[in-house]
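Before any comments, here is the structure.
Residue indices begin at 1 and follow the sequence shown.
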Amino acid sequence: MSTDRSAPRAESAPADTLGVPGPRGTDEPAAYDTAPPGAELPEAGPSGAGPSREERGRRDRKARRTRETMAAAALRLTLAHGFAALAVEDVTDAADVSRRTFSRHFGSREDAVLDCLRADFARINEALAARPAAEPPVAAYRAAVAAWLHDPDPEHPAWHRRPGMRDLFVLIDEEPALTAAFRRIAVTEEERSIRLVAARLGLHPETDLRPAVAVGLGVAALHAATRTWVRDPAGDLPTLLDRAFDLAAAEPPS
């Protein structure tokens with residue numbers, strides 16, 4: 001698929017076909033990589049003191065759109081031609097960005113292909129952080145998954161409403177590089193869930209078992225339901241998730 005692409009390219013990308021909006025001009029600043037969502041932005045200062053809060057927010061939004069466009073292109077090309085045929089240059093050509101821009105956001109091809117799943121796990125954690133403090137942790141995780149599952153946002157639909165997701169999970173099982181990358185992403189986001197639950201309970205995330213056990217139950221239910229949904233074409237993901245969480249709450253499961 002790939003040929004030599006040495007000429008410089010303009011940093012702009014059209015909307016892709018997976019429902020992710022493309023940016024209009026994508027010369028995003030490297031600051032996006034060092035300012036996580038929710039970080040405090042500097043107020044406008046004297047000349048030369050840095051961008052205003054409004055300008056910084058605009059740059060961050062542009063950078064996120066660029067990342068989503070590259071990730072969507074990587075996924076679309078992988079589903080169409082296979083992961084082995086995917087080259088970074090194919091992604092940068094499809095997204096109309098430079099190799100430098102790709103490397104600013106992703107460490108590998110597999111990171112780009114699976115970035116939509118990383119974003120989904122991150123949305124579940126955002127919903128978990130917003131749950132009432134008095135809610136039991138497994139119930140809170142279940143509610144966070146339900147919030148992501150039923151989110152009406154057309155740009156970020158859940159897996160059962162997103163074309164190609166069953167095929168992506170099949171590829172994850174078949175391609176060792178994607179398998180390893182998915183496990184790393186899942187573990188990273190699970191650790192964030194554990195820290196969130198530990199903070200809710202006032203417990204230490206490293207030395208107290210309870211946050212890890214609670215999150216482990218929720219993650220196991222999510223993965224078990226997803227596994228069955230991928231392998232059963234007639235399966236309904238919301239129904240399977242409800243059943244999986246019910247089983248996780250049963251002692252013993254039956």
Sole candidate of Leu237, Leu222, Ile124, Asp120 that passes side chain to side chain contact (heavy atoms under 4.5 Å, CB included) when paired with Leu149: Leu237
Not counting sequence neighbours, which residues clear ring pair (Phe, Tyr, Trp, His ring centres under 6.0 Å) with Phe245? List them please. none
For the pair Arg59 and Glu55, find out whether any cationic side-chain nitrogen is under 4.0 Å from an anionic carboxylate oxygen. yes
Is the centre of the Phe169 ring less than 6.0 Å from the centre of the Trp159 ring? yes
Any chain of hydrophobic side-chain contacts (each under 4.5 Å) joining Leu178 to Phe182? yes
Determine whether Leu79 and Pro163 make a side-chain contact, defined as any pair of heavy atoms from C-beta on separated by less than 4.5 Å. no
In short, Ala198 meets His204 closest at the heavy-atom pair CB-C, 4.3 Å
Salt bridge (Lys or Arg N to Asp or Glu O under 4.0 Å) contacts in which one or both residues fall within residues 178-187, not counting sequence neighbours: Asp111-Arg184
Assess the residue pair Arg192 and Glu189 against the criterion (salt bridge (charged side-chain N to carboxylate O under 4.0 Å, His left out)); give the C-alpha distance rounded to whole Å, side-chain angles, the decisive distance to 0.1 Å, and a yes or no. CA-CA 5 Å; Arg192 290 174 179 165; Glu189 294 302 327; 2.5 Å; yes
Got a salt bridge between Asp232 and Arg166, using NZ or NE/NH1/NH2 to carboxylate O under 4.0 Å? no
In Å, rounded to the nearest 0.5 Å, how long is the span from CD1 of Ile194 to CG of Leu203? 12.5 Å
Is Val138 reachable from Phe121 through a run of I, L, V, M, F, W or Y residues, each pair having side-chain heavy atoms under 4.5 Å apart? no
Exercise: identify the closest heavy-atom pair between Ala221 and Ala244: O-CB, 3.4 Å
Verdict with supporting geometry, Leu75 and Leu114, side-chain contact (heavy atoms from CB on, under 4.5 Å): CA-CA 7 Å; Leu75 176 58; Leu114 301 181; over 6 Å; no
Answer with yes or no whether the hydrophobic clustering places Val113 together with Val170; edges join I, L, V, M, F, W, Y residues whose side-chain heavy atoms lie under 4.5 Å apart. yes
From Asp153 atom CG to His156 atom NE2, the distance as rounded to the nearest 0.5 Å: 6.0 Å
If I compare all heavy atoms of Ala74 with all of Leu86, which pair ends up nearest, and what's the gap? O-CD2, 4.2 Å
Can Thr66 and Thr69 be said to form a side-chain hydrogen bond (donor to acceptor under 3.5 Å, both in side chains), step by step? CA-CA 5 Å; Thr66 301; Thr69 299; over 6 Å; no
Please name the pair of heavy atoms, one in Ala140 and one in Arg131, separated by the smallest distance, quoted to 0.1 Å. O-CG, 3.7 Å
dist Met165:CE -> Asp167:CG (nearest 0.5 Å) comes out at 10.0 Å
Are any of the side-chain heavy atoms of Cys116 and Arg162 separated by less than 4.5 Å? yes
Within one Ile-Leu-Val-Met-Phe-Trp-Tyr cluster: Leu201 and Leu217, side-chain cutoff 4.5 Å: no
What is the distance from atom CG of Asp90 to atom CZ of Arg76, rounded to the nearest 0.5 Å? 11.0 Å
Cationic N near anionic O, under 4.0 Å, Glu126 to Arg123: no
Could you report the tightest heavy-atom contact between Ala177 and Phe83, atom names first, then the distance? CB-CE2, 4.0 Å
Note: Arg227-Asp173 ion pair, threshold 4.0 Å (strictly below): no
Is there a side-chain contact between Pro211 and Asp208, using heavy atoms and a 4.5 Å cut-off? yes
All heavy atoms of Tyr141 vs all of Ser193, minimum pair found to be CE1-OG, 3.8 Å
Below 4.5 Å, heavy atoms only, C-beta onward: do Asp115 and Met70 meet side chain to side chain? no
Could you tell me whether Arg99 and Glu89 make a salt bridge, using a distance below 4.0 angstrom between a side-chain N and a carboxylate O? yes
Donor-acceptor check, side chain of Thr92 to backbone of Ser98, threshold 3.5 angstrom: yes or no? no
Interatomic distance, CD@Glu135 vs CG@Leu128, rounded to 0.5 Å, equals 9.0 Å
Atom pair CD (Glu175) and CZ (Arg109), whose distance is rounded to the nearest 0.5 Å: 8.5 Å
The side chain to side chain contact (heavy atoms under 4.5 Å, CB included) partners of Leu240 (sequence neighbours excluded) come to Ala225, Thr228, Trp229
Give a yes or no on whether the backbone of Val97 and the side-chain of Thr101 come within a donor-acceptor separation of less than 3.5 Å. no
